Amino acid sequence: MLESIIKAVVTNEKSSMRFENFCNELLSIIEGGAFILNTSQTWDLAKDGRAKLPTGSVFACCSLTDKLDQKMATDIKRLAVFEKNIGTLYFCTSQILSEYRCQILKEEIREILKSETFINILGSNHLSQIAAKNESIPLKYYKAEIEDCKSILKPSAEQSDQDSALRLALFTTGAEESILIRDRLYKGSIIELLVDERWRTARDCCIELSSKLKLSRLIDEDIITTHLNELVDCGQVNKTNKTYQISCEGLKEIEKSNERAASNFILGRNIFREELIKEMGQTISDDHFNKIWTTTKEHLTQAFYTKGKSLVELAASILNGEKLHQTYSSFTTIKDLSIAVANTSTLEQQREELKTAVLDLFTTKENPVFQWFTQICASFVALCSLGLESYSGKALAEAISKIGLVFDTDVLLSLLCDGERDHESVTSIQTRWKILGSPVLIADPVLMETAHHAWIADADFKEVQNWLPGTLDDRTKLVGNAFVRSFATLMSGGKARKNQWDKFISQFKGTDSWDKSKIKQFIKSEYNFEELLQSTSIEDDIEKTAFKLLSEIARKDENGTPHHKEIDKAKRDAKLYASLIRHTKTSRNADPNYICFLVSSSRRLAKLESELNKSEEGQIVITVSMALYLLSLIPNVSIGLSSMSAFLFDERLPAFNSGLERTLVRIIKKSSEIDMPWAKRSTLIQNVRDQAIDLARRSGHRLHTDKEIEEHLLKQENLTTTSTILKRAINESVIDTKTTKENIELKAKISRLEDEVRHLKKKR
């Protein structure tokens with residue numbers, strides 16, 4: 001186990017200096033305790049480590065790649081010129097090397113040296129063997145990573161349910177479909193159960209696995225028998241009569257699985273650190289990152305485990321005809337996580353930037369952090385439902401045929417717009433739900449809101465059209481309108497040109513801001529949705545009560561008064577809720593088992609139903625991930641990993657926190673001179689806000705809201721002052737211009753070259 005962990009850690013190493021120091025200590029062991037010296041990075045002239053022995057000098061060249069690149073070849077040539085007594089040359093790489101690759105590298109180095117120097121090539125697989133026998137050395141350099149891996153990968157009675165689930169989830173690396181993830185979880189958990197080499201029947205395995213995984217049901221024996229026989233066929237399990245035992249090949253497979261799991265875990269850890277640094281534009285100390293990673297891992301594994309259990313309860317409730325009791329409040333949200341990570345710092349500015357960075361990392365679907373955690377989350381969800389598919393598959397397909405889905409505005413926009421995070425997930429739901437004979441419906445209040453999004457898209461397009469299509473990051477972070485993001489995504493794929501915007505938006509945009517006719521026509525022709533029955537006077541009392549409750553929980557201004565937009569939204573949501581009640585009750589006259597769910601990320605509507613319970617279902621709001629999960633349990637339906645990204649978080653964050661933020665970041669985007677790490681925008685906005693309020697106060701004005709600040713800054717007579725404020729804020733937020741950054745890099749290069757020239761002169 002230790003050797004596998006060290007190999008995974010070293011293979012994923014990113015710090016060349018730490019790797020060199022680690023290698024030098026290991027080489028000292030190989031050379032019988034000889035002291036291998038570190039040389040300066042600037043003056044090493046290819047000698048990352050060296051020692052004087054009677055047989056000649058020992059040199060170590062270390063690399064994070066498995067190639068003899070141009071720099072390394074040049075370094076070895078210089079070494080041959082300046083060192084006449086090279087006894088041994090070690091070439092150490094953090095990558096895994098085959099014997100064949102070692103031989104090729106040895107020949108390449110021999111060709112450069114043209115001497116009888118003893119050349120030893122060591123990859124991470126060789127280094128980890130030596131390090132495992134000298135544990136103090138890897139622990140000196142990689143203690144946090146090694147102990148983190150051990151806590152997850154080494155099963156123990158004290159291990160938490162979440163860590164145990166994470167270990168099994170790591171075994172599913174590379175599985176891109178829900179069926180394949182489930183298959184790997186079955187086989188991984190069976191093999192791990194058999195590791196004690198005891199003989200067991202399939203029934204024994206069912207009982208022990210169900211207990212070990214703390215499932216609420218016993219896994220069906222036929223499922224376990226099928227997987228056991230497949231393991232027998234591939235030689236990993238022995239079978240005698242009706243009993244099974246792990247084979248030698250099975251024990252080897254466990255070692256390989258541990259290696260893969262360790263490598264996947266360290267990969268995720270490193271990806272998270274790299275992307276976090278990129279977002280913040282600054283380095284993070286090892287100790288601080290260890291706290292950040294531990295916090296993130298604990299929060300998310302708990303969230304994934306809770307979500308998996310809740311989704312299983314959802315399926316069970318539907319199958320048993322019971323009321324649904326959602327547990328939205330128990331889910332960890334992106335905001336919860338960002339606050340927890342921010343609290344690992346004692347510095348106010350860094351806390352704000354950490355919070356912003358984490359929010360961004362888990363908002364962009366294509367971000368490698370988002371993708372890595374999606375794989376883990378999908379495995380957690382599958383693990384919690386192992387065995388459920390055998391009991392529920394056909395029954396669930398029949399139940400779904402009696403469930404109507406109504407897409408809320410955020411979900412409908414995800415369906416219509418290619419650039420949205422949940423586009424693939426919602427498309428999968430819409431397509432497969434209809435195949436099962438289940439209705440997908442549209443509601444008038446949702447059509448009105450969607451039409452309004454199309455109406456205001458022109459303004460957003462005009463602000464960003466000069467740099468469209470932009471990068472994926474640009475579209476995600478700088479475009480606030482879903483239709484503009486969709487058009488930019490089409491442009492980036494060569495499916496649209498900028499001058500086709502009017503034609504594109506005319507498919508959705510009506511004659512005024514609430515004209516839903518175009519949207520309605522498009523949805524009916526493209527997707528053949530049915531219409532949700534509208535509420536009548538019979539539901540007036542329900543609608544009024546709903547409006548009152550929604551108004552009470554609406555966002556309010558400084559005086560405690562809800563904004564008129566919030567009141568309008570509360571009216572539409574109350575109308576939607578009353579329509580859902582009418583549609584459900586009317587449909588039940590024909591089928592008493594009919595259910596109608598609103599698919600939405602809105603917790604307000606879920607809270608509303610909890611308060612009123614007029615549907616008699618306990619809960620009528622489900623999330624995209626819940627709908628997708630129900631589909632994944634149906635036989636022969638496999639959900640792709642990209643669609644399963646909806647499992648990660650249900651909430652949807654706005655592109656901008658305020659109009660002021662939107663305006664300022666777009667000004668910076670237009671400037672080719674400013675290079676701003678995205679997480680620093682929160683610090684920048686606060687700085688601008690504080691300066692604007694202070695200047696306005698001095699001139700006798702009082703600014704309270706971001707809207708007032710934005711209007712004040714963008715007045716024609718204030719533009720010069722606004723420019724000064726922004727420049728000062730950029731300087732105080734420690735944001736470099738691109739020219740400054742290039743100058744710093746150039747000076748560093750010149751300094752290194754000057755040092756080398758002086759050293760060469762000294763040698764002569």
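Basis for what follows: all heavy atoms, side chains included, without hydrogens, waters or symmetry-related copies. Values in this document were obtained by computation on a predicted structure and should not be read as measured data.
Counted within 6.0 Å of CD on Gln507, heavy atoms from surrounding residues, nucleotides or ligands total more than 12; the atom is thus considered enclosed. The number of heavy atoms from other shown groups lying within 6.0 Å of NZ (Lys212) is above 12. Within a 6.0 Å sphere centred on NZ of Lys544, other residues, nucleotides and ligands contribute 12 heavy atoms or fewer.
Salt-bridge formation is detected for the pair Asp183/Lys187: a Lys NZ or Arg NE/NH1/NH2 atom is positioned less than 4.0 Å from an Asp or Glu carboxylate oxygen. Contact check on Lys509 versus Asp458 returns a salt bridge, with a Lys/Arg side-chain nitrogen under 4.0 Å from an Asp/Glu carboxylate oxygen. Look at Asp573 and Lys569 and you find a salt bridge, because one of the NZ, NE, NH1 or NH2 atoms lies within 4.0 Å of a carboxylate O, short of that distance. A salt bridge links Lys516 and Asp444; the closest N-O separation between the charged side-chain nitrogens and carboxylate oxygens is under 4.0 Å.
In terms of modelled atom types and a separation under 3.5 Å, the side chain of Trp433 and the main chain of Ile403 share a donor-acceptor contact. In this structure a side-chain-to-backbone donor-acceptor pair under 3.5 Å is present from Thr374 to Phe370. No donor-acceptor pair under 3.5 Å is formed between the side chain of Lys307 and the backbone N or O of Ser625. Between the side chain of Asn481 and the main chain of Asp460, no donor-acceptor pair closer than 3.5 Å is present. Remark: side-chain polar atoms of Ser506 are paired, donor with acceptor, to backbone N or O of Lys503 under 3.5 angstrom. Under the 3.5 Å distance criterion, the side-chain polar atoms of Arg572 are left unmatched by any main-chain donor or acceptor of Pro445. For Asp568 (side chain) and Lys565 (main-chain N/O), no donor-acceptor pair under 3.5 Å exists by modelled atom type.
Side-chain contact between Ile219 and Ser210 is present, with at least one heavy-atom pair separated by less than 4.5 Å. Residues Thr296 and Leu300 meet the side-chain proximity criterion, which asks for heavy atoms closer than 4.5 Å. Leu194 places a side-chain heavy atom less than 4.5 Å from the side chain of Ile190. The closest side-chain heavy-atom distance from Leu576 to Leu532 is below 4.5 Å. For the pair Met626 and Leu311, the minimum side-chain heavy-atom distance is below 4.5 Å. Counting heavy atoms from C-beta on, the side chains of Leu605 and Leu598 come closer than 4.5 Å. With a 4.5 Å cut-off on side-chain heavy atoms, Asp410 and Leu413 do not count as touching. Side-chain contact between His453 and Thr409: present, with at least one pair of heavy atoms (C-beta onward) separated by less than 4.5 Å.
Ring pair Trp501/Phe487 is perpendicular by interplanar angle, where above 60° counts as perpendicular and below 30° as parallel. Ring planes of Phe508 and Phe483: tilted class, angle from 30 to 60°.
No side-chain donor from either of Ser537 and Asp540 sits under 3.5 Å from a side-chain acceptor of the other. In this model, no donor atom of one side chain and acceptor atom of the other lie less than 3.5 Å apart for Ser178 and Ser632. Using a 3.5 Å distance cut-off with no hydrogens or angles, the side chains of Arg582 and Ser579 do not pair a donor with an acceptor.
Ser486 contributes atom OG, which lies 8.5 Å from atom CG of Leu416 (distance to the nearest 0.5 angstrom). Gln302 CD to Phe380 CZ: the interatomic distance, rounded to the nearest 0.5 Å, is 9.5 Å. Rounding to the nearest 0.5 Å places OG1 of Thr476 at 10.0 Å from CG of Asp360. In this structure, the separation between OG on Ser257 and CG on Leu170 is 11.0 Å, given to the nearest 0.5 Å. With rounding to the nearest 0.5 Å, the separation of CE in Met644 from CD in Glu424 is 11.5 Å. Taken from CG in Leu580 to CD in Glu539, the straight-line distance is 11.0 Å, to the nearest 0.5 Å.
The two atoms that bring Lys518 and Gly510 nearest to each other are CG-CA, 4.2 Å, heavy atoms only. Closest heavy-atom contact between Asp515 and Ser517: OD1-OG, 2.8 Å. Minimum interatomic distance between Val358 and Ile334 (heavy atoms only, all atoms of both residues): O-CG2, 4.4 Å. In this structure, Val312 and Cys384 approach most closely via the heavy-atom pair CG2-O, 3.4 Å.
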Evaluation steps, side chain to side chain donor-acceptor pair (under 3.5 Å), between Asp418 and Thr489
CA-CA 7 Å; Asp418 289 15; Thr489 301; over 6 Å; no
